[in-house]
Amino acid sequence: MTKSGTAQEAAASDAGPDLGKAYEPREVEERWYSFWEKEGVFDATDDPSDTRPCYVIPLPPPNVTGSLHMGHAMMATLEDVLIRFERMRGKNTLWQPGIDHAGIATQTVVERQLAREGITRHELGREAFSARVWKWKAESGGQIMRQMRVLGASPDWPRTKFTMDPDMSVAVTEAFVRLYEEGLIYRASRLINWCPECRTALSDLEVENEEGQSGELFQFAYKVDGSDEEIVVATTRPETMLGDTAVAVHPEDARYTHLHGKVLVHPFVDRKVPVITDAILVDPKFGTGAVKVTPAHDFNDFATGKRHQLAKINIFNLDGTLNAEAGPFAGLDRARARAAVKKALGEKELARGVKPHMLTLPRCQRSGGVVEPMISTQWFCRMKDMAEVASSAVKNGRTKIIPEEWEKTYDHFLDNIQDWCISRQLWWGHQIPAWHGPNGEIRVARTRPADCGDGWAQDPDVLDTWFSSALWPFSTLGWPRETSALAKFYPASDLETGYDILFFWVARMMMFGIHFMKDVPFRRVLLHGMVVDETGDKMSKVKGNVIDPLDLVYGAKPDAIAEHASPGMDVRQALTKFKKSYPSIAADIEKGVGFPAYGTDAVRFTLATYPPSNKRIALAPKRIEGYRHFANKIWNASRLCLSHLESFDRTELTGRAPAVKGFFNRWIVAQLGKSIAIANAGLLAFRIDEAANEAYRFFWNEWCDWYLEITKPILRTPATPEAAETRLTMAHVLETSLRLLHPLMPFITEELWQRAPRPSSRKSSIAFGPFPSAMDGIDDDDAIREMDVFKAVVGAARSIRSEHEVDPKADVPLSFRSDSDAAHALLAAHLPAIASLTRGKGLTIDKTGSMREPGTMVNVVPTPHGPIEILVGLKGLVTKDKELLRIDREIKRIDKDLGALEKKMASKGFLERAPKEVIDESRALREQLTSARARLEESKKLAYEL
RNA sequence: GGGCGGGUAGCUCAGCGGUAGAGCGCUGGCCUUACAAGCCGGAUGUCGCAGGUUCAAACCCUGUCCCGCCCACCA
């Protein structure tokens, strides 16, 4: 422990028992989260008198129904790293947390719950239903927020917002009313995407097109009225013919010229269907060249109907069954209707064959149901102008998208944007602030207008969930009120999220942000990829490849893994699926091991090492294991340092790099400075992976592998000035490297930092920083270059030792030969260090090469001073020889096999082939090997004794 | 149909114009009083394929083949 400072002593005693030999993440991690909260580490201030620069990230609000998945873990990690980094750099950091009400998803969850009780929401009524949802939310909503604490996430929790909170609702209403008043929101009857399962309209984005579904192209004939002539059309949806109001052909298609202007007879309903010509709709090369036109249920046909003033006949009920317009087919659902229509056409001898055809199925993002285009009156938001402004804000750099490659995608979306259908036929959400009068009047207002009394009713629809999300960067700060938070924290610095919601959320925030706030909502958009399984497949319950991040943190046995991957499924079946998705840990699963407790820091570090340009992040649990080892390395290296620093006077630490003179001390501080620069650059450029890799490399490959090894002999005599300087350097580098790692691994670094000597200027938590900067290192490229030579020399000597099977305990005579005076000086200065790292005895430096004698092995390393030869005298030291060893191993193996065979022979029930023969063969081979070994040993002895 | 990204060591991935890298795995030696979750050695790749630019290409250009994702109203 440190010598002085009561605050530090108090904190250190908080830190729990003495450091154990192995790092136990759980034991350590549990200790610090509440400490950070108590110390106010996460707090942002909107006090106008605070002059610190701000750094703001709006947390993408997770769904209230959700529980933590790997995507959340990714998001939480990256954002927390950025927030902690900027916080340590002295910024006033706000990580604005929140929860999304998730209209459809939440309503579905609660409706399902009601169904178990045997009631529907309609029986309950709108108000009671809403109360039910709120109750559900209070009890089980927002689980993610609790889970995010386990990951060490550091948002300003007391500022948490829920999109349905009263103040958020005020913002939503305000935005709606303003847009309406500006003519940017309007009501219209249009062909929209309808989900018959959710019974609501959807926006274009909520429709997922499922490609490559094998289907069929069904052909049937329409007869010309009063004639035997016919025209054959092709369709993938025969049932929609009940809503056909025309058949279109290409005007220049000679096959059909004679039918232009003719009228066809609908076989099932009392309707005449005209033949029209349309060059836009019809591709004469496709199908039969004749297209049935269903304006009410197809986007192309809708446009065609508009061009030709065709009737739009809606044949579906809201639940997707056919309505009265379908005549004899009324009441059937779409699948049944399709079969029935085909059958009926066949019976009327109008069917004209079937061809296989690949088709794209539009599915509802939420329910998976097949979306039906329907004509419906809905609220729309005009997007074109706002989109243009949002697009140019990125083009002119007011907002930067990183990685840049996403700019094109963003642009393309905005360039082709359609008006946004914002009304949903749900009960859970922000009810539209519009009132309908008895005579069809519509009033839009912030509150129910006084003159809208009896006979007036509020529009029953609610807004698309994403409408409120689009206001997030300013609604959470108090808008439309002019709060100090809004003044301070808008625009946000970075918006970090997965690329999957670039359109849903990011683009819409850009549009609304600029529209309402006259400034972009954030200066940078940072996008990361999707976490997928080891084979590259999306994680889903269906595939059974979902990993619960907390299972990685705490560890999990196979049955728990199975339950989280495929809830409710038979464990063995689930594990079979799981192993297929994660081949690298299949063996561990089989052994019943599952996941070890990797700990939060290791999981975070792993996620942080994937570059953001990776669209797919294939999670390999084995990789986490590597970083768990790293955590252990940090733990033990720190233990070593702390043992040397027990009586170190921390007032020697000034908060700047110490001015050291010893070569190795200079080198490590220079190296530290380099790594700090690289890490800072990476963190600023959203290349967290580069920062993480550099910190890892520095800590393990420079600090542990070289510095701590080199300084061991120096510190063995602690009273020397050299040892004193080493301790000072060690204290500085330890404290600084913990700060360097803190944003990535907050728990272990806090634990160790609390025990480490540190400058008196430091605050109560490592999280307050400062983050390492240029003043923590020194510029000394000479030291780094010289160290490279040193490392190469040591490596060459070690290599010789190892290659020639020298007894590891034996000291070995070493000498060096070089023409360069600089090399001589370097080697001469570091002979003791080289000796300790190579067990080299009697080190000499020599210009002539006369040291060479029988049994001496040579290695040459190229250096800036020219080649240095490393000579290792092996005479009498080579106790073992590679070939001999190989023979020894072979003999050992045979002995083992023989033993097993003999045992089997002795036991009954040994039924395999001729065991005696096998044993004899083995014995003969053993004889041969033994004599070969003897001969070889004799000759080797001669060789080395020459 | 358009756009984006990827194909580098057995696996997961860095590198993106100058002698092929990391982690895990494999392998030889070492329980050296921080760490065996470790230490010291070692092996491993026609950098998808074919052309081209260059003194020099995994890296740039062209073509091509696979694999992902996104956008799009072709019946």
Side-chain angles (χ1 to χ4, degrees), chain A residues 19 21-23 191 204-205 208-209 217-219 233-237 240 248 280-283 286-294 298-304 357 359-360 362 373 403 405-406 408-409 411-413 416 499-500 502-503 529-530 532 534-538 583-585 596 602 606 609-611 613-644 689-690 693 696-697 701 704-705 708-709 712 794-795 798-803 805-809 836-839 862 880 882 885-886 889:
Chain A
L19 300 173
K21 195 167 162 178
Y23 174 55
L191 199 59
D204 298 346
L205 289 179
E208 285 177 345
N209 290 309
L217 203 55
F218 179 80
Q219 304 192 343
V233 296
T235 179
T236 54
R237 301 195 54 197
T240 61
I280 298 172
L281 179 71
V282 184
D283 171 3
F286 189 88
T288 62
V291 186
K292 61 188 275 308
V293 183
T294 321
D298 183 283
F299 285 92
N300 281 317
D301 294 2
F302 182 79
T304 308
H357 184 246
L359 47 90
T360 303
E405 66 214 37
W406 287 106
K408 254 190 183 169
T409 309
D411 261 355
H412 183 261
F413 170 69
N416 297 286
Y499 68 78
D500 54 331
L502 178 60
F503 305 151
M530 299 292 113
V532 296
E534 216 175 292
T535 66
D537 281 345
K538 212 169 177 174
S584 77
I585 50 162
T606 308
T609 55
Y610 290 94
S613 53
N614 263 205
K615 283 194 170 183
R616 287 153 64 208
I617 293 154
L619 189 74
K622 279 287 171 193
R623 190 159 159 165
I624 310 174
E625 196 164 312
Y627 293 117
R628 170 168 145 262
H629 295 172
F630 180 48
N632 192 240
K633 192 72 178 176
I634 296 171
W635 184 256
N636 279 296
S638 303
R639 279 175 64 215
L640 171 66
C641 294
L642 293 178
S643 76
H644 288 303
D689 58 311
E690 288 182 348
N693 287 333
Y696 178 99
R697 203 195 61 76
N701 302 126
C704 292
D705 289 352
L708 295 184
E709 293 303 327
K712 273 177 185 170
V794 169
R798 281 171 167 173
S799 186
I800 291 174
R801 285 195 71 123
S802 185
E803 283 289 279
E805 310 281 359
V806 177
D807 178 352
K809 293 200 171 57
S836 88
L837 295 176
T838 60
R839 277 185 179 277
K880 301 171 191 168
K882 262 195 151 176
L885 278 167
R886 205 171 301 134
R889 269 195 297 281

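Chain naming here is simple, since letters A, B, ... match the order of the sequence lines and numbering starts at 1 in each. As the structure is a prediction and not an experimental result, all values here were calculated from the model.
Figure legend. B:U54 is base-paired to no nucleotide; pairs are counted as Watson-Crick or G-U wobble with both atom distances under 3.5 Å. With a cut-off of 3.5 Å on both pairing distances, the Watson-Crick or G-U wobble partner of B:G38 is B:C30. B:G68: Watson-Crick or G-U partner is B:C4, with both key distances under 3.5 Å. Of all nucleotides present, only B:G63 satisfies the Watson-Crick or G-U wobble test against B:C49, with each distance under 3.5 Å. Shown here, B:A20 forms no base pair; nothing in the strands shown gives a Watson-Crick or G-U wobble contact with both key distances under 3.5 Å.
For the P atoms, the distance from B:A9 to B:A20 is 15 Å, rounded to whole Å. As rounded to the nearest Å, B:G48 and B:C16 have P atoms that lie 16 Å from one another. Rounded to whole Å, the separation between the C1' atoms of B:C60 and B:G18 comes to 14 Å. A distance of about 36 Å separates the C1' atoms of B:C70 and B:U54, rounded to the whole Å. Atom P of B:C11 sits at a distance of 15 Å from the matching atom of B:G25, rounded to the whole Å. A distance of about 25 Å separates the P atoms of B:G45 and B:G17, rounded to the whole Å. Separation of the P atoms belonging to B:C13 and B:G7 is 10 Å when rounded to the nearest angstrom. One P atom belongs to B:C40, the other to B:A36, and the distance between them is 14 Å to the nearest Å.
For the residue pair A:Lys21 and A:Trp635, the shortest heavy atom distance occurs at O-CD1, 4.1 Å.
For A:Lys809, the side-chain atoms get nearest to B:C30 when compared with the rest of B:C30, B:A75, B:U12.
Side chains of A:Leu708 and A:Leu640 form a contact here, defined as non-hydrogen atoms less than 4.5 Å apart. The shortest side-chain heavy-atom distance between A:Ile280 and A:Thr304 does not fall under the 4.5 Å cut-off. Side-chain contact between A:Val293 and A:Asp301 is present, with heavy atoms from C-beta onward closer than 4.5 Å.
A:Tyr627 comes within 4.0 angstrom of no nucleic acid atom, judged by non-hydrogen atoms across all strands. Counting any heavy atom pair closer than 4.0 Å across all strands shown, A:Phe302 reaches no nucleic acid atom. A:Leu191 comes within 4.0 angstrom of no nucleic acid atom, judged by non-hydrogen atoms across all strands. Counting non-hydrogen atoms under 4.0 angstrom, A:Glu625 reaches nothing in the nucleic acid. In this structure, A:Val282 reaches the bases: a heavy-atom distance under 4.0 Å links it to at least one base atom across the strands shown. Across all strands, A:Pro596 comes closer than 4.0 Å to no nucleic acid atom at all (heavy-atom distances).
With sequence neighbours excluded, the residues forming a salt bridge (charged side-chain N to carboxylate O under 4.0 Å, His left out) with A:Arg237 are A:Glu239, A:Glu372, listed by chain and number. Residues passing the side chain to side chain donor-acceptor pair (under 3.5 Å) test with A:Lys712, sequence neighbours excluded: A:Glu709. By the side chain to side chain donor-acceptor pair (under 3.5 Å) test, A:Ser584 pairs with A:Glu534, sequence neighbours left out. With sequence neighbours excluded, the residues satisfying side chain to side chain donor-acceptor pair (under 3.5 Å) with A:His412 are A:Asn416.
One can place CZ of A:Arg801 at 11 Å from C1' of B:U32, the figure rounded to the nearest angstrom. Atoms CG (A:Asn209) and P (B:C71) sit 8 Å apart, rounded to a whole Å. One can place CD1 of A:Ile617 at 13 Å from C1' of B:C69, the figure rounded to the nearest angstrom. The distance from atom CG of A:Asp537 to atom C1' of B:U12 is 15 Å, rounded to the nearest whole Å. The nearest whole Å value for the distance from the OH atom in A:Tyr610 to the P atom in B:G15 is 14 Å. What separates CG of A:Asp204 from P of B:A72 is a distance of 7 Å, to the nearest Å. Rounded to whole Å, atom P of B:C70 lies 17 Å from atom CG of A:Asn416. As rounded to whole Å, 15 Å separates atom P of B:C69 from atom CZ of A:Phe503.
Taking the six-membered ring where the residue is Trp, A:Phe503 and A:Phe413 present parallel rings, their angle staying beneath 30° rather than reaching 60°. Note on ring orientation: taking the six-membered ring where Trp is involved, the planes of A:Tyr696 and A:Tyr627 are perpendicular (angle over 60°, cut-offs 30° and 60°).
The structure places CZ of A:Arg798 at 10.5 Å from CZ of A:Arg801, a figure rounded to the nearest 0.5 Å. Taking NZ of A:Lys615 as the reference point, atom CH2 of A:Trp406 lies at 4.0 Å (rounded to 0.5 Å).
Of the residues near RNA chain B, A:Asn701 and A:Asn693, the one whose nearest nucleotide (by heavy atom distance) lies more toward the 5' end is A:Asn693.
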Show the distances under 3.5 angstrom between N or O atoms of the protein and N or O atoms of nucleotides 2-9 of chain B.
from : atom 1 : to       : atom 2 : distance (Å)
B:C4 : OP1    : A:Lys408 : NZ     : 2.7
B:C4 : O2'    : A:Lys615 : NZ     : 3.2
B:C4 : O2     : A:Lys615 : NZ     : 3.1

Practice prompt. Classify every nucleotide of nucleotides 33-41 of chain B by which part a protein heavy atom approaches to under 4.0 Å, writing B for the base, S for the sugar-phosphate alone and - for neither, in 5'-to-3' order.
Written response: -BBSBSSSS
